[in-house]
Amino acid sequence: MNADELEEISLAFCKECLGWSNAYLVDDFGYHYIKEPVSKDLADTTIFPYERQFHYLHFERIIARAEDWCRRNGWELLLDTATGVTIAPCNRGVDRRFIRCKVDGDPRCAVLSACVTAQREVIRRRD
């Protein structure tokens with residue numbers, strides 16, 4: 001997985017999972033992240049211009065956002081170095097279908113890919 005693929009899946013996560021429809025990639029003198037202009041009450045920043053940010057280069061920030069997204073949607077994020085990333089419904093009696101992404105290189109991509117895949121699967125099942 002190269003840097004372009006990480007950027008692509010990170011932007012998809014922000015737009016599709018977090019609902020940041022106006023999110024875009026930023027290159028701040030070589031430091032890459034995603035941001036979206038928002039109102040003050042939704043902002044991660046305390047000064048104008050107000051925005052929310054996703055720093056996808058840091059694994060712990062990816063995990064925090066992914067776990068929060070999973071919790072809000074009734075899923076669990078399970079990480080295992082042998083089996084990869086699994087997103088499973090919290091109430092396994094209702095729906096036992098899991099979303100799995102194998103870790104092939106960059107675990108950041110695997111976590112984000114699992115979330116995006118799960119989001120797309122939820123939408124597909126609704127339609």
Side-chain angles (χ1 to χ4, degrees):
M1 182 81 42
N2 64 37
D4 290 338
E5 291 169 317
L6 178 59
E7 285 181 350
E8 183 180 315
I9 194 65
S10 298
L11 190 57
F13 174 76
C14 288
K15 289 185 173 197
E16 296 179 41
C17 298
L18 302 180
W20 297 8
S21 58
N22 296 314
Y24 61 95
L25 293 162
V26 175
D27 179 351
D28 189 3
F29 298 99
Y31 179 75
H32 298 246
Y33 64 100
I34 296 170
K35 72 178 182 179
E36 178 184 46
V38 293
S39 61
K40 185 177 182 178
D41 60 315
L42 295 175
D44 294 335
T45 56
T46 57
I47 57 173
F48 185 82
Y50 301 110
E51 58 191 34
R52 50 187 168 192
Q53 302 174 350
F54 180 54
H55 298 267
Y56 61 87
L57 297 175
H58 303 283
F59 188 68
E60 68 278 0
R61 292 186 182 183
I62 289 173
I63 293 298
R65 290 275 185 170
E67 286 178 334
D68 180 59
W69 176 80
C70 285
R71 262 192 309 279
R72 286 187 287 110
N73 289 284
W75 295 83
E76 281 181 279
L77 179 68
L78 310 168
L79 302 173
D80 186 305
T81 54
T83 60
V85 179
T86 302
I87 294 185
C90 290
N91 184 350
R92 289 187 181 87
V94 173
D95 185 346
R96 298 196 56 84
R97 291 175 283 189
F98 303 115
I99 307 297
R100 289 192 171 90
C101 287
K102 189 74 174 151
V103 178
D104 291 326
D106 194 336
R108 298 172 299 183
C109 290
V111 170
L112 294 171
S113 293
C115 291
V116 170
T117 302
Q119 179 67 25
R120 291 174 181 169
E121 181 66 15
V122 166
I123 290 169
R124 187 189 67 74
R125 289 178 190 172
R126 270 190 269 161
D127 295 342

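Hydrogens, waters and symmetry mates are skipped; everything else that's a heavy atom, side chains included, is used. Since the model is a prediction, treat every value here as computed from it, not as a measurement.
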Flag, side chain of W69 to backbone of C115, donor-acceptor distance under 3.5 Å: no
Atom pair CD (E76) and CD (E67), whose distance is rounded to the nearest 0.5 Å: 10.5 Å
Between N73 (side chain only) and W75 (backbone N and O only), is there a donor and an acceptor less than 3.5 Å apart? no
Kindly write out the residues that satisfy side-chain contact (heavy atoms from CB on, under 4.5 Å) with A43, not counting sequence neighbours, or none if the list is empty. V38, T45, Y50
Quick note, salt bridge (Lys or Arg N to Asp or Glu O under 4.0 Å) partners involving residues 14-24, not counting sequence neighbours, are E16-R120
When you measure from the side chain of E36 to the backbone of N22, do you find a donor-acceptor pair of N or O atoms at a distance under 3.5 Å? yes
Which class fits the ring pair F54 and W20: parallel under 30°, tilted 30 to 60°, perpendicular over 60°? perpendicular
Is R65 paired with D44 through a side-chain N to carboxylate O contact shorter than 4.0 Å? yes
In terms of hydrophobic clusters joined by side-chain contacts under 4.5 Å, are L42 and V26 together? no
Check step by step if ring pair (Phe, Tyr, Trp, His ring centres under 6.0 Å) holds for Y56 and F13. CA-CA 10 Å; Y56 61 87; F13 174 76; over 10 Å; no
Do L11 and E7 have side chains that approach each other closer than 4.5 Å (heavy atoms only, starting at C-beta)? no
Spacing of R61 atom CZ and Y33 atom OH [to the nearest 0.5 Å]: 11.5 Å
For the student: nearest non-hydrogen atoms of I63 and L79, plus distance: CD1-CD1, 3.5 Å
Least distance between heavy atoms, S10 atom then L6 atom: OG-O, 2.7 Å
Using only atom types and a distance under 3.5 Å, with no angle test, would you say the side chain of R108 pairs donor to acceptor with the backbone of L57? yes
Might you work through the side chain to side chain contact (heavy atoms under 4.5 Å, CB included) test for L25 and E8, ending with a clear yes or no? CA-CA 9 Å; L25 293 162; E8 183 180 315; over 6 Å; no
OG/S39 to CD/E51 distance, rounded to the nearest 0.5 angstrom? 12.5 Å
Roughly how far, to the nearest 0.5 Å, is OG of S113 from CD1 of I9? 4.0 Å
Heavy-atom side-chain proximity of C14 to Y24 below 4.5 angstrom: no
If every non-hydrogen atom of A66 is compared with every non-hydrogen atom of V111, which pair is closest and at what distance? CB-CG1, 3.6 Å
Please check if atom CZ in F48 has more than 12 non-hydrogen atoms from other residues, nucleotides or ligands closer than 6.0 Å. no
Would you say L112 and I123 are hydrophobically clustered, going by side-chain heavy atoms of ILVMFWY under 4.5 Å? no
Smallest separation among heavy atoms of V116 and A12, with atom names: CG2-C, 4.0 Å
Check this for me: I47, atom CD1, are more than 12 non-hydrogen atoms of other residues, nucleotides or ligands nearer than 6.0 Å? no
